[in-house]
Amino acid sequence: MLIRLVAVLLFLGAADAAMGRNRTIHAPAVASALPERLNIGDVYYDCGRGSSSRCRISEFMKHAKVCALLVVKSGAVRFQAFNRDKEICKDESSEPDGRTKKYGVASVAKSITSTLLGQVITTKYRARTRADFDRILTRSIGGFIPELAEGIPSAYVNVPLDHVLRMRSGVRWSEYGWHGLFSGADFFALMVRKSMAQSILAFAHRYPFRRYGAPPAFNYSALDAAIAAATAERLLENRSLVSFMETEFWAAIGAEADASWGVDKTGTAIGPCCLRATVGDLARFGLLVLNEGRAPGRRQIIARSWFEIATKRTGDGDKIPDDSQSQNSGCLLEYRYFWWLREKRNDFTAIGRDGQFVHIYPDRDTVIVQISDWDAWSDPLQCETFLAHDALEAAAR
C-alpha cells in the first residue's frame with residue numbers, strides 16, 4: 001500500500017499535465033434514421049419523496065441532475081428532454097446539453113466493450129451458437145495474451161474469459177479502496193489513463209495474486225474490463241479495437257456523430273471508461289442490443305446467441321452478494337458480461353458512475369438513455385431512476 005501511495009504522489013504532477021489520449025471514432029457518411037414522435041408528456045412516477053409519493057419526470061430531472069433523457073420505442077424517439085442548467089454536466093467543450101453534445105459515459109463503456117468483444121468473436125471465429133461462444137469463453141486469458149505470463153505473471157493468466165466478463169476473475173483488486181483510499185480504479189486511472197506511465201498489460205502485472213475460494217466471488221473491477229478490451233484487440237491481431245469499432249460497429253449502427261475513446265500508451269482502448277458519444281448514438285447502441293445484434297437494414301453483425309449469454313440471467317451464479325459494495329439493497333441487481341440485470345425482471349442496463357444509463361426493456365421494444373451529473377454514485381438515485389424509467393416505458397406503450 002505504501003509503495004502505491006508513493007507512486008501516486010510521484011505521478012500526480014504528470015497526471016495533471018497529461019490527461020491521456022483519445023482516438024476519434026468517425027461516423028459513417030449517412031446516419032440511420034431515429035425519427036421523433038414526441039407524444040409522451042410530463043408523466044408521473046412513484047418517487048416516494050417528501051409529502052407526496054408522486055413526482056413528475058420534470059421534477060426528477062431537476063432533483064437527480066439529469067442532463068439528458070431519451071426514450072426510444074419501436075425505433076422512434078418518443079420522449080426527449082435536456083436540462084438547460086448551465087451548471088449541470090459542464091465539461092471542457094462548453095457545449096449546451098442537447099442531441100449534438102458528446103457526453104462522457106464512464107462505465108457504460110464496459111457494456112460497449114463487452115458487445116464489441118461479442119462482435120469480434122462472431123467475426124473471427126464465425127461463432128453462431130452458444131457452444132461456439134463457450135469454446136472461446138472458457139479459454140484462459142493467458143491463451144490470448146501470453147506475455148501476461150512473463151516475468152512475475154499476472155493473475156489473469158489462468159482466468160477464463162467468461163469469469164472476467166462476469167467480474168469474477170478472483171484477481172485481488174479493490175475497486176473502492178479502503179475508506180476511500182488506495183482505490184484500484186483511481187490508481188489505474190492515474191497510471192494508465194492520466195500519466196500514461198504504463199500500458200494496460202504492464203499494469204496487469206501489478207496484480208499477481210488471486211483470492212482464495214472457488215468459484216470466485218463477484219468483485220466489480222475496472223481492470224477486468226480493461227483486460228476484456230485488451231483480449232478483444234488481441235483477437236483482432238494487427239488491428240486496433242478502436243479501428244474495428246469505427247468500421248464494423250459505429251458504421252453498422254449508422255451513428256450520427258463522431259465519438260471518442262481513451263487509449264493507453266500502446267493505443268489499446270481503455271475498456272472500463274473514457275468514451276464520449278451523443279445520446280442518439282447511445283440509443284442506437286441500445287437498439288443493436290435490443291435487437292440482439294441486428295443492425296439497421298436487418299444485417300446481423302453479432303450472433304443472437306451472444307446476447308443469450310451476455311444479457312440473460314442463467315442462475316444464482318449471476319447474483320451479487322448482499323454485502324458487496326456494488327449491490328443496492330433498495331433495488332437488487334444481478335450481473336452478466338458488464339450488464340446490470342434487475343432482479344426478477346427482464347430489463348437490464350449499462351450504468352456509469354455519475355448516473356449514465358442505457359436501459360433496455362427487451363419485452364417492450366424500448367431503450368432509455370439517461371445522462372446525469374451525480375458527481376459520485378448514489379444508491380437512492382439509482383433506485384429512483386429505475387422507477388422513473390419504468391413510468392416512461394409504460395407511458396410509451
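Sequential numbering from 1 along the given sequence is applied to the chain's residues. Nothing here was measured: the structure is a model prediction, and the numbers come from that model.
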Exercise for the section: Report whether Phe60 and Tyr44 are members of the same hydrophobic cluster (ILVMFWY, side-chain heavy atoms less than 4.5 Å apart, transitive linking). Expected result: no
Exercise for the section: Among Tyr337, Tyr125, Trp339, find the residue that satisfies the ring pair (Phe, Tyr, Trp, His ring centres under 6.0 Å) test when tested with Trp306. Expected result: Tyr337
Practice task
Consider only side-chain heavy atoms of I, L, V, M, F, W and Y, link residues closer than 4.5 Å, and tell whether Val279 and Val66 are in one cluster.
Solution key: no
Practice task
Without swapping roles, check the side chain of Ser111 against the backbone of Phe338 for a donor-acceptor pair under 3.5 Å.
Solution key: yes
Practice task
Using atom types as modelled and distance alone, determine if a side-chain donor or acceptor of Arg168 lies under 3.5 Å from a backbone N or O of Gly317.
Solution key: yes
Exercise for the section: Run through Val71, Val369, Leu34 and flag the one making a side chain to side chain contact (heavy atoms under 4.5 Å, CB included) with Val77. Expected result: Leu34
Practice task
Answer yes or no: is there a side-chain heavy-atom contact under 4.5 Å between Phe188 and Pro272?
Solution key: yes
Handout entry: Heavy atoms from other residues, nucleotides or ligands near CZ of Phe144 exceed 12 (cutoff 6.0 Å)
Key = yes
Practice task
Look up atom CG in Asn158 and atom OG in Ser140, then write down how far apart they are to the nearest 0.5 Å.
Solution key: 5.5 Å
Handout entry: Under 3.5 Å donor-acceptor, Asn328 side chain and Asp379 backbone
Key = yes
Problem - Close side-chain approach of Leu161 and Arg139, heavy atoms under 4.5 Å - result: no
Problem - side chain to side chain donor-acceptor pair (under 3.5 Å) between Asp46 and Ser53, intermediate numbers included - result: CA-CA 5 Å; Asp46 293 319; Ser53 63; 4.8 Å; no
Practice task
Looking only at non-hydrogen atoms, find the nearest pair between Tyr361 and Leu290 and report the distance.
Solution key: O-CD1, 3.7 Å
Practice task
Indicate, with yes or no, if Ile136 and Leu236 share a hydrophobic cluster defined by side-chain heavy-atom contacts under 4.5 Å among Ile, Leu, Val, Met, Phe, Trp and Tyr.
Solution key: yes
Problem - pair Ile301-Thr122: side-chain heavy atoms closer than 4.5 Å - result: no
Problem - Ile57 reachable from Phe82 in the ILVMFWY side-chain graph, under 4.5 Å edges - result: no
Problem - Hydrophobic cluster membership, Leu381 vs Ile88, 4.5 Å side-chain cutoff - result: no
Exercise for the section: Would you please indicate yes or no on a ring centroid separation below 6.0 angstrom for Tyr335 and Trp340? Expected result: yes
Handout entry: Heavy atoms of other groups near Arg210 CZ, more than 12 under 6.0 Å
Key = yes
Problem - Side chains of Trp261 and Thr113 in contact at under 4.5 Å (non-hydrogen atoms) - result: yes
Completion exercise
Heavy atoms of Ile152 and Pro208 approach each other most closely as CG2-CB, 3.9 Å
Practice task
Output, in order, the C-alpha distance, side-chain angles, deciding distance and verdict of side chain to side chain contact (heavy atoms under 4.5 Å, CB included) for Leu275 and Val108.
Solution key: CA-CA 8 Å; Leu275 184 76; Val108 167; 6.0 Å; no
Problem - salt bridge (Lys or Arg N to Asp or Glu O under 4.0 Å) between Glu237 and Lys124, worked out - result: CA-CA 10 Å; Glu237 298 177 349; Lys124 180 178 176 65; 3.1 Å; yes
Handout entry: Check: Asn22 side chain, Ser260 main-chain N or O, donor-acceptor pair, under 3.5 Å
Key = no
Problem - Approximate separation, where rounding is to 0.5 Å, of Ser372 OG and Gln382 CD - result: 11.5 Å
Exercise for the section: Sort out for me which residue in Asp91, Asp354, Asp97 forms a side chain to side chain donor-acceptor pair (under 3.5 Å) with Tyr103. Expected result: Asp97
Practice task
Find out whether Arg284 and Asp281 are in side-chain contact, i.e. whether some heavy atom of one side chain is under 4.5 Å from a heavy atom of the other.
Solution key: yes
Problem - Donor-acceptor contact present, side-chain Trp250 to main-chain Pro28, <3.5 Å - result: no
Problem - Residues Thr138 and Asp134: side-chain donor-acceptor under 3.5 angstrom - result: no
Practice task
May I ask you to decide whether Arg353 forms a salt bridge with Glu175, counting only side-chain N to carboxylate O separations under 4.0 Å?
Solution key: no
Problem - Ser154 OG to Ile227 CD1 distance, which is reported to the nearest 0.5 Å - result: 6.0 Å
Handout entry: Sidechain-backbone polar pair: Asp264 side chain, Ile200 backbone, donor-acceptor under 3.5 Å
Key = yes
Exercise for the section: Examine His359 together with Phe386 and report whether their ring centres are nearer than 6.0 Å. Expected result: yes
Handout entry: Residue pair Glu36 / Gln80, side-chain donor-acceptor N/O under 3.5 Å
Key = yes
Exercise for the section: Using a strict 4.0 Å threshold on nitrogen-to-oxygen distance, state whether Arg128 and Asp132 make a salt bridge. Expected result: no
Handout entry: Short side-chain to backbone donor-acceptor contact, Gln327 and Leu333, under 3.5 Å
Key = yes
Practice task
Could you grab the distance from atom OH of Tyr207 to atom CG of Leu148, nearest 0.5 Å is fine?
Solution key: 14.0 Å
Handout entry: Test item: Thr115 and Phe249 side chains (from C-beta on) under 4.5 Å apart, heavy atoms
Key = yes
Exercise for the section: Count the heavy atoms of every other residue, nucleotide or ligand shown that sit under 6.0 Å from CZ of Phe209, and state whether that count exceeds 12. Expected result: no
Exercise for the section: State whether a side-chain donor-acceptor pair under 3.5 Å links Thr278 with Glu256. Expected result: yes
Which pairs of donor and acceptor atoms, one on a side chain in residues 215-226, lie under 3.5 Å apart (sequence neighbours left out)?
{"unit_1": "Asn219", "atom_1": "ND2", "unit_2": "Trp173", "atom_2": "O", "d": "2.8"}
{"unit_1": "Tyr220", "atom_1": "OH", "unit_2": "Ser107", "atom_2": "OG", "d": "3.2"}
{"unit_1": "Tyr220", "atom_1": "OH", "unit_2": "Lys110", "atom_2": "NZ", "d": "3.3"}
{"unit_1": "Ser221", "atom_1": "OG", "unit_2": "Leu223", "atom_2": "N", "d": "3.2"}
{"unit_1": "Ser221", "atom_1": "OG", "unit_2": "Asp224", "atom_2": "N", "d": "3.0"}
{"unit_1": "Asp224", "atom_1": "OD1", "unit_2": "Tyr156", "atom_2": "OH", "d": "2.5"}
{"unit_1": "Asp224", "atom_1": "OD1", "unit_2": "Ser169", "atom_2": "OG", "d": "2.9"}
{"unit_1": "Asp224", "atom_1": "OD2", "unit_2": "Ser169", "atom_2": "OG", "d": "3.3"}

Exercise for the section: For Arg130 and Glu308, work out which heavy atoms get closest and say how close. Expected result: NH1-O, 3.9 Å
Exercise for the section: Can you run down the salt bridge (Lys or Arg N to Asp or Glu O under 4.0 Å) pairs that involve residues 57-66, sequence neighbours left out, and say none if there aren't any? Expected result: none
Problem - Verdict with supporting geometry, Val242 and Ile25, side chain to side chain contact (heavy atoms under 4.5 Å, CB included) - result: CA-CA 7 Å; Val242 171; Ile25 300 161; 3.9 Å; yes
Problem - Test: Arg313 and Glu334 ion pair at under 4.0 Å - result: yes
Exercise for the section: Inspect the surroundings of CZ in Arg298 and state if more than 12 heavy atoms from other residues, nucleotides or ligands are less than 6.0 Å away. Expected result: no
Handout entry: pair Pro146-Arg234: side-chain heavy atoms closer than 4.5 Å
Key = yes
Exercise for the section: Report yes if the side chains of Ile302 and Leu288 come closer than 4.5 Å at any heavy-atom pair, otherwise no. Expected result: yes
Problem - Ionic contact status for Arg23 with Glu246, cut-off 4.0 Å - result: no
Problem - Neighbour count above 12 (heavy atom, 6.0 Å) for Arg84 CZ - result: yes
Problem - N/O donor-acceptor pair under 3.5 Å between Ser183 side chain and Ala185 backbone - result: yes
Handout entry: N/O donor-acceptor pair under 3.5 Å between Asp258 side chain and Ala27 backbone
Key = yes
Fill in the blank from the handout: Taken to the nearest 0.5 Å, the spacing of Ile40 CD1 from Asp42 CG works out to 11.5 Å
Problem - Side-chain (Lys73) to main-chain (Arg364) donor-acceptor, under 3.5 angstrom - result: yes
